[in-house]
Amino acid sequence: RVLFLQGGATLQFSMVPMNFLAGIGSADYILTGAWGEKAAAEARSFGSVRIATSTAEAGYRTVPQIDDIDFDPSARYIHYTSNETIEGIEFSNDLDAHGLPVVCDASSNILSKPIDIKKYSLIYAGAQKNIGPSGVTVVIISDEMLARVPDGLPSLLDYRKIAENGSLLNTPNTWGIYIIDLVCKWLADAGGLEAIQARNIMKARILYDAIDRSDGFYSGHADRNARSLMNVTFRLPTPDLERQFCTEAASAGMVGLAGHRSVGGIRASIYNAFPLEGAECLAAFMDEFSSR
Ligand code: PMP
């Protein structure tokens, strides 16, 4: 079932444990960045949260190998963030949790590539990166998960009631949902998810290549196997140079390149709507800036 909700991905940090954890058992969280941390922190208000694995100590540069994750076989669900937007860390495959229900925060890479939907019990995403305007949250949930929702939750926080009412339990964000329809048609016309994935790979490669040929002037944050196709994060030798880079890039028409305030550095966010020419333009600027 596909549900259209409000409250952003942040409300899902609470709604997931409220529906599937409160009062019973424990849930496993995989931490590969700041958003996963926030999701786990919210879940602790509702029940027992176990960190199955975290790459925090190594500075959130990588994704864990599936065989290294020690899942609790009785976990109510496994939660992970398929793309960590701030650090630029992405899982390249669907997580295989050995039959345990997988809950995925896909806010920043949903619809960027095909996925095997059968591997997920619940996917949630704030719409504002790849799907549509802010103010709509998309939830994709299996019937099996819906059947587990306990009685007695406030209606607007109860996945089952929302599903039974076709996301019309109260007035939805009609304009936002209309725009999502247009974006989906745009995606289909552009060749669908395979085509958008091919374009996203090209865009990201253009920028990572610019990092890799800079002789260390630019240093990528993510390990190679965890490089995000959506958020390309890197540093320059000094914070002063990073500021100069952002200022000069802005003068050349490339804005919004400063990394998230919590980590600094540079972040080029290249979501579905971002054109290939934009990546080429930034890579040319990176070459020119580093040689100068
Ligand atoms: N999760 C991820 C991966 C995100 O990128 C964001 C927003 N940048 C959020 C959660 C929070 O989303 P919202 O602002 O829709 O609550």
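Start at 1 and go down the list; that is how both ligands and their atoms are numbered.
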Are [X] and [Y] ion-paired here, with the side-chain N under 4.0 Å from a carboxylate O?
X      : Y      : value
Arg224 : Asp212 : yes
Lys185 : Asp189 : no
Lys113 : Asp94  : no

ask   = Looking only at distance, does Asn83 have an N or O less than 3.5 Å from an N or O of ligand 1?
value = no

query = Out of Asn109, Thr10, Thr85, Asn231, who gets a non-hydrogen atom closest to atom 3 (C) of ligand 1?
reply = Thr85

remark   = Ranking Thr81, Asp105, Ile110 by closest non-hydrogen atom to atom 1 (N) of ligand 1, top hit is Asp105

ask   = Hey, what's the ring geometry for Phe234 with Tyr218, parallel, tilted or perpendicular (30° and 60° as the breaks)?
value = perpendicular

message = Classify the ring geometry of Phe289 against Phe285: parallel below 30°, tilted from 30° to 60°, perpendicular beyond 60°.
response = tilted

ask   = For ligand 1, does Ser107 get within less than 4.0 Å through its side chain, its backbone, both, or neither, judged by non-hydrogen atoms?
value = side chain

key: Glu84, portion touching ligand 1 at heavy-atom distance under 4.0 Å   = neither

Quick one: nearest non-hydrogen protein atom to [atom], plus distance?
atom                    : answer
atom 14 (O) of ligand 1 : Gln128 NE2, 3.5 Å
atom 12 (O) of ligand 1 : Ala9 CB, 3.4 Å
atom 7 (C) of ligand 1  : Lys129 NZ, 2.9 Å

query = Which atoms from ligand 1 have a heavy atom of Phe13 less than 4.0 Å away?
reply = 10 (C)

inquiry  = Could you tell me, atom by atom, which parts of ligand 1 come under 4.0 Å of a heavy atom of Gly8?
reply    = 15 (O), 16 (O)

query = Just checking, is any N or O donor in the side chain of Asp158 or Asn19 under 3.5 Å from an acceptor N or O on the other one?
reply = no

message = Counting C-beta onward and ignoring hydrogens, is there a side-chain heavy-atom pair between Thr32 and Phe91 closer than 4.5 Å?
response = yes

